Every structure is written in structure tokens, then in C-alpha cells.
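Note that the structure is predicted; figures quoted are calculated from it, not measured.
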Amino acid sequence: MDLLNTLVEKGLRRELPTREEALAVLATSDDDLLEVVAAAGKVRRQWFGRRVKLNYLVNLKSGLCPEDCSYCSQRLGSKAEILKYTWLKPDEASKAAAAGVAGGAKRVCLVASGRGPTDRDVDRVSQTIEAIKEQNEDVEICACLGLLSDGQAERLRAAGADAYNHNLNTSEGTYGDITTTHTFADRVDTVRRAQTAGLSACSGLIAGMGESDADLVDVVFSLRELDPDSVPVNFLIPFEGTPLAKEWNLTPQHCLRILAMTRFVCPDVEVRLSGGREVHLRSMQPLALHLVNSIFLGDYLTSEGQEGRADLEMIADAGFEVEGAETTTLPEHRRGGCGPCGLDDSGQSAPAEPVTNTGAPRTDLVAVRRRGAGTDLAPNA
């Protein structure tokens, strides 16, 4: 297929595809799916070999958020029956993080619900970072605390944080349909604050919220322009009790096409298979490893994930290897602060119909987290 040959050549050169080419990937048929995966896999292996980086989430504060993000089980007005608790103490968070590190995680992601941290919250998280690094000196720490204000990113960096996550989630054009309490520009501003402070930026998207293929391309192109080091690709987990509980718009095949498109647009970036993989990819998760080079180990913020042991078995069975702490994730040219290297951004987004649901909702696969941080039960790692 000429399209795929062109995209592989561009990916190996770190050249940006056109929007038409990215849309064409999403429009490929199921009959061509393995060709799409194989093509994007060549780009993935060029920059990351067969390594898979493991990341582990610690939910420092669950629920009780004043923001109205429609996809989120922790949102204002959510009736989802999730765990709700206030800030974990540093030793509690360190204990939770240690379980993930013992399971093979190279990065620990510290997440707290809310619009953004107060200065006192930054102090709390700084103490938690220090406690974790005392026990696991080499572990990477990524903070995800919402919108940042002046000086907060610098304080987190000084405390030992390596990265900061703040996802764009959806396209700028549809952002107001998903969230009204802050803007797309607010999110871009926080990612840039993190970058300016010397933190590795992590920013991604959520697919399956009723957006069109054009919206998916737009948000991935916005991410390419923002140039984060890590791009998490989440698939909506339709929690009962949230506005998007009935949005079952994804098939495993389309999830793979979304991951392939993201890899072609962001060839040398850490593309992370994130929340919802078990719900929407299901038995096709191993194929996704040919597209992404990073996954979350075990549970998520408010939902349960695949067993940690099953994750490790999946990686080994698919012929991949867990990336060790001694290995630098990003290719050498990105470690020096290389910006976007796209040479062709002349394409314009073409109209596309919203993705339609072609399968029955799998509500049985949405399991609320009841173990790990905030509970007396052992975490899943």
C-alpha cells in the first residue's frame, strides 16, 4: 500500500505526515489492519527497538474534584461509585509506589484530582517524591496535579520530579463539549510551564468520547506541535454515573488504527498505551505492543486493570522485553531538547463522521478499583 510505504519513510526520517495521510490511516479497512500495524511497527522499532517501558499509577487523592470533565469518574457531580479519599501520607504513597517498582515499573506517576495544586499541595507532593526516591533512587517520578501556576513546576523539579503529565484529551474544536470549567488553552499553558521548568512533558488524548476521526487527528497534531516526550493514548472507560456512560464507540480494530496514526505522527516519542486498553482492545492488546513502547502496569486511578503478572506475560509472549532502569527511553536526538522535526504540515483536516459503535457495550469489563492506594488491600502490580 503506497500510503503505508510513504508513512514508514516519513516516520524513519521523523517527518510529519499530512493530515490527509493521518486521516487515511484511520479510514483503512479491517482487511488492511495487519498491514497498518506492521508498517507502524517498523517506525516503533526504529526508535525504541522491542523495549516496553512500564509505568505505575499512584492515586494520591481520589474523587472530590470541582472540575466537570465529562469523561471523568472523579468529576463534579459524578455518581460513579469510586473510592474517595483525601491526600495519602508520603509513607503511604511510597509504599504503594514500591509495589509498582517491584513489579517492574520504571516510572511512578503521582496523580491527584482537582483543578490544580495549592502551594501546600505542592509541598505535600514534594515530600512524597522525596520519600519515594529515598527508597528507589533510580525511579522516574511524574506528577499529575492539574493546572499549574507560577513557580509550581520549578518547585516540583527541585523536589526531584522528572516529568509532568497534563493531557490535552481532545481537539481544541470539541474541547468545550467535554469540559466547561477550564479551556484547551489552559491545558497547553500547563504543559509549556512544565517544559520551561525542565520537566519532561507528558501529554496525550482520550479516544472514544464521540469525536470524529478529524478530531483525533487534530489533537494528535496539536500534541506533535507541543512536542511532549510522552504521549499517553487513553480509551474512554464509560463509567456509570458519568455523562459519557453510554459512549461505547470503539472497536479493537479502530483502537489499533488510532495507535498507529499516533505513532506515524509522533514517530520518536514515547507512545503509551493507557487507560481503557483492557476494555476496548481486550484480546488484541498484544498487537498494540507493535505500535506503543510504553504501558501502565496494573490498576488505573479509579478502575482496575489487567493483573500485573498478565501484563508481564503478555510482553514476553509477544516477543518484547521490559525496559530496565539502566536504559534511557528516548532516542538520543530527543535527549538534547530537539523540537518537532516535521517537514510537511500543509494538509488540512477533512470533514469526517463521528466513529459509530459497531459492538455491544462491554459494561462487564469496567471494574471500579477497590484495592491499592486508599484501601487496606494489596495493590495490583
Side-chain angles (χ1 to χ4, degrees), residues 3-4 6-28 36 39-40 43-44 47 165-179 183-192 194-195 201-236 250 254-274 291-294 330 334 338-355:
L3 168 67
L4 297 178
T6 297
L7 289 171
V8 169
E9 291 173 3
K10 287 187 173 184
L12 300 183
R13 297 195 302 263
R14 295 184 287 130
E15 182 179 338
L16 186 64
T18 66
R19 281 181 166 84
E20 285 81 3
E21 289 167 339
L23 278 167
V25 173
L26 297 180
T28 54
V36 173
V43 179
R44 180 250 200 264
W47 302 113
N165 166 261
H166 200 61
N167 295 330
L168 298 187
N169 289 329
T170 192
S171 69
E172 184 173 13
T174 59
Y175 196 84
D177 297 331
I178 298 300
T179 304
T183 67
F184 185 88
D186 290 332
R187 288 188 170 266
V188 170
D189 176 70
T190 283
V191 177
R192 287 181 172 152
Q195 290 171 318
C202 174
S203 188
L205 65 141
I206 305 173
M209 297 190 291
E211 72 282 337
S212 68
D213 281 352
D215 291 320
L216 289 170
V217 169
D218 285 347
V219 68
V220 175
F221 270 67
S222 293
L223 288 165
R224 171 71 184 238
E225 182 178 358
L226 198 54
D227 196 34
D229 293 324
S230 307
V231 175
V233 180
N234 297 276
F235 301 108
L236 177 70
L250 297 170
H254 202 62
C255 290
L256 290 169
R257 285 190 283 267
I258 291 167
L259 293 169
M261 183 270 289
T262 303
R263 174 57 71 196
F264 286 130
V265 177
C266 304
D268 58 340
V269 167
E270 179 188 341
V271 177
R272 185 176 306 134
L273 180 57
S274 301
L291 308 171
V292 305
N293 63 292
S294 181
L330 294 174
R334 286 196 65 87
C338 173
C341 300
L343 301 177
D344 186 356
D345 190 13
S346 60
Q348 299 297 316
S349 293
E353 295 299 319
V355 180

message: Does any part of the side chain of Pro267, heavy atoms only, come nearer than 4.5 Å to the side chain of Arg224, both counted from C-beta?
response: yes
Applying side chain to side chain contact (heavy atoms under 4.5 Å, CB included), run through Val233 and Val292 and close with a yes or a no. CA-CA 9 Å; Val233 180; Val292 305; over 6 Å; no
Is a donor from one side chain sitting under 3.5 angstrom from an acceptor on the other, for His254 and Asp213?
yes
Hits for side chain to side chain donor-acceptor pair (under 3.5 Å) against Thr179, two or more places apart or cross-chain, chain-then-number order -> none
Has Thr174 got a side-chain atom pairing as donor or acceptor with Asp177's backbone, closer than 3.5 angstrom?
no
Any side-chain heavy atom of Asp227 within less than 4.5 Å of one from Arg334?
-> yes
Q: Report yes if some heavy atom in the side chain of Val43 is under 4.5 Å from a heavy atom in the side chain of Lys10; otherwise report no.
A: no
Rounded to the nearest 0.5 angstrom, the CG-CG distance for Asn169 and Leu236 is 10.5 Å
inquiry  = Under 3.5 Å, is there a donor on one side chain and an acceptor on the other for Thr170 and Glu211?
reply    = no
Report task. Report yes if some heavy atom in the side chain of Phe264 is under 4.5 Å from a heavy atom in the side chain of Leu3; otherwise report no. Result -> no
inquiry  = Are Val25 and Val36 packed together at the side-chain level, in the sense that at least one heavy-atom pair is separated by less than 4.5 angstrom?
reply    = yes
Side-chain heavy-atom pair Ile206, Asn167 within 4.5 angstrom cut-off: no
_Looking at Arg257 and Ala27, would you say the former's side chain and the latter's main chain have a donor-acceptor pair under 3.5 Å?_
no
Query - Side-chain donor/acceptor of Gln195 to backbone N/O of Leu226, under 3.5 Å - result: yes
Per side chain to side chain contact (heavy atoms under 4.5 Å, CB included), Arg263 is matched among Ile258, Val231, Val271 by Val271
Here the gap from Leu259 atom CG to Phe235 atom CZ, rounded to the nearest 0.5 Å, amounts to 4.0 Å
